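Down below is the structure, laid out as structure tokens.
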Amino acid sequence: MDENAVAEELDLSKIDKICEKYKGKKGSTIPVLQAVQEEYGYLSKEMLERMGDVLNVSPHELYGVLTFYAQFYTSPRGKYVIRVCRGTACHVKGSGRISEVVKEEFGIGDGETTEDYGFTLEEVSCIGACGMAPVIMVNDKTHGNLTPEKSREIFKDYAEKFKEEE
């Protein structure tokens, strides 16, 4: 599935409702971008144009804001986002090997998403759970004290869950 096919399948009418809530309010650009991203998982050119039309704001202005902050994404991400902590404690205890397991299991590297949009890998600076190093987060769930074998089992469980949900 390519990115254009994903964009064509999206119903952008939800953007209108989100934008109407913030229309005319000063300082609402970031909350609007966050709300639309929460709805769709990312922010595309088409979404920015629709937001611009409803809010009467240039899509370029919206693009400038979203590219300034690391919290916004301009391409579709996987249903499951695997964040591998690369902080000092996790690095020392082998988080690099956990990233290698992700690459072996899903064929993706840092910042990449599987073709079926099942999984995205993000290597992050610190998750804040150093006492459980090495640590990963899959969406909002934290998994700690990992070994390559333990992480492989966790990824297999998520892969099975993803297949069941499709």
Side-chain angles (χ1 to χ4, degrees), residues 1-87 90 95 98-99 102-103 105-129 135-144 154-155 157-166:
M1 185 183 303
D2 69 40
E3 197 171 305
N4 290 332
V6 170
E8 289 174 14
E9 294 175 9
L10 289 177
D11 172 11
L12 299 180
S13 65
K14 294 175 184 174
I15 291 173
D16 300 352
K17 189 174 180 179
I18 293 168
C19 290
E20 287 298 329
K21 181 178 169 187
Y22 294 98
K23 194 172 184 178
K25 294 181 181 175
K26 285 192 167 199
S28 63
T29 302
I30 290 174
V32 169
L33 290 169
Q34 289 170 329
V36 172
Q37 181 171 275
E38 185 174 321
E39 179 66 37
Y40 294 96
Y42 71 106
L43 298 162
S44 71
K45 177 183 168 191
E46 294 78 15
M47 292 175 197
L48 294 179
E49 289 172 353
R50 184 92 171 224
M51 293 167 64
D53 287 345
V54 177
L55 296 170
N56 198 25
V57 175
S58 163
H60 299 287
E61 185 179 326
L62 296 169
Y63 185 77
V65 173
L66 87 86
T67 55
F68 183 80
Y69 295 99
Q71 67 178 297
F72 297 117
Y73 303 97
T74 58
S75 60
R77 300 170 63 210
K79 178 175 179 79
Y80 296 103
V81 177
I82 302 167
R83 292 180 181 88
V84 177
C85 182
R86 299 292 289 179
C90 288
S95 64
I98 306 301
S99 289
V102 174
K103 291 173 189 168
E105 293 293 322
F106 301 111
I108 55 173
D110 184 30
E112 296 178 341
T113 299
T114 57
E115 286 185 21
D116 61 3
Y117 294 100
F119 297 88
T120 297
L121 172 62
E122 292 179 356
E123 293 182 344
V124 298
S125 300
C126 185
I127 288 176
V135 176
I136 64 168
M137 287 185 72
V138 180
N139 294 349
D140 295 330
K141 186 169 183 179
T142 304
H143 303 270
I154 291 168
F155 299 143
D157 289 345
Y158 279 103
E160 287 176 16
K161 189 174 176 182
F162 178 69
K163 281 182 185 176
E164 291 171 7
E165 295 167 344
E166 278 193 304

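What you see is a predicted model, and the numbers here were worked out from it, not measured in a lab.
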Which residues pass the salt bridge (Lys or Arg N to Asp or Glu O under 4.0 Å) test with [X], not counting sequence neighbours?
| X | answer |
| --- | --- |
| E105 | R152 |
| K14 | E39 |
| R50 | D16 |
| E49 | none |

Are [X] and [Y] side-chain neighbours, meaning at least one heavy-atom pair lies under 4.5 Å?
| X | Y | value |
| --- | --- | --- |
| K79 | Y117 | no |
| V138 | I136 | yes |
| I30 | F72 | yes |
| C19 | V32 | yes |
| E20 | K23 | yes |
| M51 | L48 | yes |

Would you confirm whether [X], through its side chain, and [Y], through its main-chain N or O, come within 3.5 Å as a donor-acceptor pair?
| X | Y | answer |
| --- | --- | --- |
| S95 | C85 | yes |
| S28 | P31 | no |
| E112 | G109 | yes |
| E123 | S99 | no |
| Y40 | D11 | yes |

Side-chain atoms of residues 53-66: list all donor-acceptor pairs with protein atoms under 3.5 Å, sequence neighbours left out, distances to 0.1 Å.
residue	atom	partner	partner atom	Å
S58	OG	H60	N	3.0

With sequence neighbours left out, write down each residue that passes ring pair (Phe, Tyr, Trp, His ring centres under 6.0 Å) with Y158, or none if nothing qualifies.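 Partners of Y158 under the ring pair (Phe, Tyr, Trp, His ring centres under 6.0 Å) test: Y80, H143.
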Nearest-0.5 Å distance, [atom1] of residue [X] to [atom2] of residue [Y]:
| X | Y | atom1 | atom2 | answer |
| --- | --- | --- | --- | --- |
| I82 | I154 | CD1 | CD1 | 10.0 Å |
| T74 | Q37 | OG1 | CD | 9.5 Å |
| Y22 | L33 | OH | CG | 10.5 Å |

Under the side chain to side chain contact (heavy atoms under 4.5 Å, CB included) test, residues paired with T114 that sit two or more places apart: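 Residues passing side chain to side chain contact (heavy atoms under 4.5 Å, CB included) with T114: F106, I108, D116, F119.
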V81: partners by side chain to side chain contact (heavy atoms under 4.5 Å, CB included), with sequence neighbours left out: R77, R83, T120, E122, N139
Going by side-chain hydrogen bond (donor to acceptor under 3.5 Å, both in side chains), name the residues that satisfy it together with S125, two or more places apart in sequence or in a different chain.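 side-chain hydrogen bond (donor to acceptor under 3.5 Å, both in side chains) check on S125 returns nothing, list empty.
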Partner residues of Q71 under the side-chain hydrogen bond (donor to acceptor under 3.5 Å, both in side chains) criterion, sequence neighbours left out: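 side-chain hydrogen bond (donor to acceptor under 3.5 Å, both in side chains) check on Q71 returns Q34.
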Can you establish whether the number of heavy atoms outside E38 located under 6.0 Å from its atom CD is more than 12?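 Result for CD/E38: open.
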Could you walk me through whether Y73 and L43 pass side chain to side chain contact (heavy atoms under 4.5 Å, CB included), step by step? CA-CA 6 Å; Y73 303 97; L43 298 162; over 6 Å; no
